[in-house]
> 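Got a structure here, written out as structure tokens. Questions coming.
We name chains A, B, ... by the order of the sequence lines, and we start the count at 1 in each one.
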Protein chains: 2
Amino acid sequence: MALDEGATISERIRLGLGRLTPTGRKVAHILLANYPVAGLETVSELACRAQVSAPTVLRFVSRLGFASYPDFQRALRSELELQVQSPLVKARFSLESATPTEQLLNRFHQSLADNLAKTFRSVPSAEFDAVVDIFSDRRRKVLTIGGRFSDALALHLSLHLRIIRSGVSHIAGQSANWRDHLLDLGERDCLAVFDIRRYTPDLAEFAAIAASHRVGIVLFTDQWLSPIAQKASHILAAHVPVPSRWDSMVALLALVEAIVASTTERLWSTAEGRLATLETMRHVPRVG
Amino acid sequence: MALDEGATISERIRLGLGRLTPTGRKVAHILLANYPVAGLETVSELACRAQVSAPTVLRFVSRLGFASYPDFQRALRSELELQVQSPLVKARFSLESATPTEQLLNRFHQSLADNLAKTFRSVPSAEFDAVVDIFSDRRRKVLTIGGRFSDALALHLSLHLRIIRSGVSHIAGQSANWRDHLLDLGERDCLAVFDIRRYTPDLAEFAAIAASHRVGIVLFTDQWLSPIAQKASHILAAHVPVPSRWDSMVALLALVEAIVASTTERLWSTAEGRLATLETMRHVPRVG
DNA sequence: CAAGTTCTGTAATAAACAGTACGCTTGGCG
DNA sequence: CGCCAAGCGTACTGTTTATTACAGAACTTG
């Protein structure tokens, strides 16, 4: 790893520019001009771009404080990963005039917008369609279940689906009782599982059992993919990191809402009637 | 170079998803979820991330039409190079080339990003701080409750708060039983209410009763404000419209997460111990 | 239920790569 | 003018990395 942490690599290059040898400076300029791509190429490719020899490039990264060239590349990649693939939202409005709270809100918003962008960019539309297909198929029963926190999303999904179609349930309560629900499920049916990190072992076990009964598994998870991914027939992954002690479920909720919106549209001809019926029932005093 | 030009690599992956083998799909999902960084790592690193073997990764890139893995990486880099240098022109793939689903996802994402921005811009930081103050005050009990759909958020809030502090409960079940909870609440205590449109009459009634007992009401609502706003001591409003039959709770969840993040930070010195205790308890077999 | 096909991981192989030693060149200074 | 030192590139070496061959597992199909 790099000796001198804190600054981004491009900053470190700019700062070190004075201390470099003439050829080293050539490398630095090429790197800054084509940042960060040039640094992700091989040593010889970069050397060729900068019209210097390979050892010069190595001496350069060494002087920047990296133990090796692969080490340098790793740093570059992890920076790229954070720095976002959405360069449009730079919006440097964390100025000194802002109060600490405003800054916090800004940072938080930034991360969320970022997660949203990455999530929507990476979700395969074929996968999305497939899931909507399943949820729109009234012949397939749908069971939803979630982990400790993500269960709220599972509930959210089932609440909406249940309104527009029949055969939807949410599995709550003790994990020992979960598998009872599987009795009702056949090969054509579907289990929607929500599992984000600190993945729930009970859930994985349950999903495995479901999979062994040939129940289709739709997995909503985070960008690192729950272990359940191995059993899942369809996967929708959302980005969850935010500047917080907890992970964010905003992008995952966004996916659920998009799925629900699309499914509702698909089933609208029949869902409309159900909603109307529901409306009239609302005025009847509730039982209990 | 790649045989089949024209599309971006991520698009090509999405399109090819159906034609892939099960393990190949794992690789594809990891790649899309961490695009494009994951593809710039070595074969074995990527294989490890996707929990498959190295040859599987190679077969994957081969099936995508690349002659070799370095070739694939070169393509990825050159795409990255273009993308970074023209930050404005991307994400604009709501063109005629996009499939209906892609357009839907795009529109949906656009609305959500919009809601998020409006919400964070409009939330007064003083109000935000005040709510964090209340939730951080261990002497005040906190009760959460929500409407038909928004109750999932109320639950979400209580689940997190309950971990970092004591005296937090969520009100569920029949509305007739709700007011029982008020018995435990005094003047200094707090009721967190979630209510978005098609506002729930029962909730308004309940909030009114609570207010008459001088319980402080923190209201999470939509941009048009639930009628409960009149009784509320603090209001946090989020924007909810999306191109869907339902309203979106994404921005509201975002606010909740921001509140939770901030409260957690505030109480961290004691919350840390609670979390550790919880962790040790997790390994004890559950009752029932 | 069995034969065949497809898929996948293990292990061995080949290629590309980063790293290094050495000697030449250049610029500064006595 | 000549010595010294710093900088650079060439050529080589050791490692890492991609690749390929093969054998076992899983799933299909008749």
> Calculate the interatomic distance between A:F60 atom CZ and C:dG19 atom P; express it in whole Å.
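It is 14 Å, rounded to the nearest whole Å.
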> Mind calculating the distance between NZ (B:K26) and P (C:dC7) to the nearest angstrom?
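Result: 15 Å.
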> Could you tell me how far apart B:L40 (CG) and D:dT17 (P) are, to the nearest whole angstrom?
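Answer to the nearest Å: 15 Å.
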> Quick one: A:Q230 CD to D:dA26 P, roughly how many Å, whole number?
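Going from A:Q230 (CD) to D:dA26 (P), I get 14 Å.
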> Would you mind checking if A:R165 and A:D137 are paired as a salt bridge, meaning a charged N to carboxylate O distance below 4.0 Å?
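No salt bridge links A:D137 with A:R165.
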> Can you tell me if the side-chain N/O atoms of A:T23 get under 4.0 Å from OP1 or OP2 in D:dC8?
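Indeed, a polar side-chain atom of A:T23 lies that close.
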> Taking ring pair (Phe, Tyr, Trp, His ring centres under 6.0 Å) as the definition, give me every residue that meets it alongside A:F60, ordered by chain and number, with sequence neighbours left out.
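By the ring pair (Phe, Tyr, Trp, His ring centres under 6.0 Å) rule, A:F60 matches no residue at all.
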> So, using side-chain hydrogen bond (donor to acceptor under 3.5 Å, both in side chains) as the criterion, who are the partners of B:E41 when residues are at least two apart?
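Testing B:E41 for side-chain hydrogen bond (donor to acceptor under 3.5 Å, both in side chains), a comparison that skips the adjacent residues, returns B:R49.
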> Starting from P on C:dC17, measure out to CG on A:L46 and report it in whole angstrom.
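One finds 13 Å between P of C:dC17 and CG of A:L46, rounded.
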> Just the rounded figure in Å: distance from P of D:dG7 to CG of A:L20.
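Rounded to the whole Å, the gap is 11 Å.
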> When you check the phosphate oxygens OP1 and OP2 of C:dT8, does a side-chain N or O of B:T21 lie under 4.0 Å from one of them?
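Yes, B:T21 has a side-chain N/O under 4.0 Å of OP1/OP2 on C:dT8.
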> Would you kindly give the CZ-to-P distance between A:F72 and C:dG19, to the nearest whole Å?
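Checked: the CZ to P distance equals 12 Å.
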> Dump every N/O contact between nucleotides 18-24 of chain D and the protein below 3.5 Å, one line per pair.
from, atom 1, to, atom 2, distance (Å)
D:dA18, OP1, B:V43, N, 3.0
D:dA18, OP2, B:V43, N, 2.9
D:dT19, OP1, B:Y69, N, 3.2
D:dT19, OP2, B:Y69, N, 3.2

> Under the rule for side-chain hydrogen bond (donor to acceptor under 3.5 Å, both in side chains), what residues qualify as partners of A:T56, not counting sequence neighbours?
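side-chain hydrogen bond (donor to acceptor under 3.5 Å, both in side chains) check on A:T56 returns A:S53.
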> Restricting to pairs with a member in residues 170-182 of chain A, which pass salt bridge (charged side-chain N to carboxylate O under 4.0 Å, His left out), not counting sequence neighbours?
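For residues 170-182 of chain A: A:R179-A:E205.
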> Output yes when at least one side-chain N/O atom of B:S53 is less than 4.0 Å from OP1 or OP2 of C:dT10, else no.
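Checking C:dT10 against B:S53, no side-chain N or O comes under 4.0 Å of OP1 or OP2.
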> Between B:R77 and A:E45, does at least one N-O distance fall below 4.0 Å, as a salt bridge requires?
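So B:R77 pairs with A:E45 through a salt bridge.
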> Nearest whole Å is fine: how far is C:dT8 P from B:Q51 CD?
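Those two atoms, CD and P, are 15 Å apart.
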> Going by the rule ring pair (Phe, Tyr, Trp, His ring centres under 6.0 Å), which residues pair with A:W178 if we only count those two or more places apart in sequence or in a different chain?
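Once residues adjacent in sequence are excluded, the partners of A:W178 under the ring pair (Phe, Tyr, Trp, His ring centres under 6.0 Å) criterion are A:F206.
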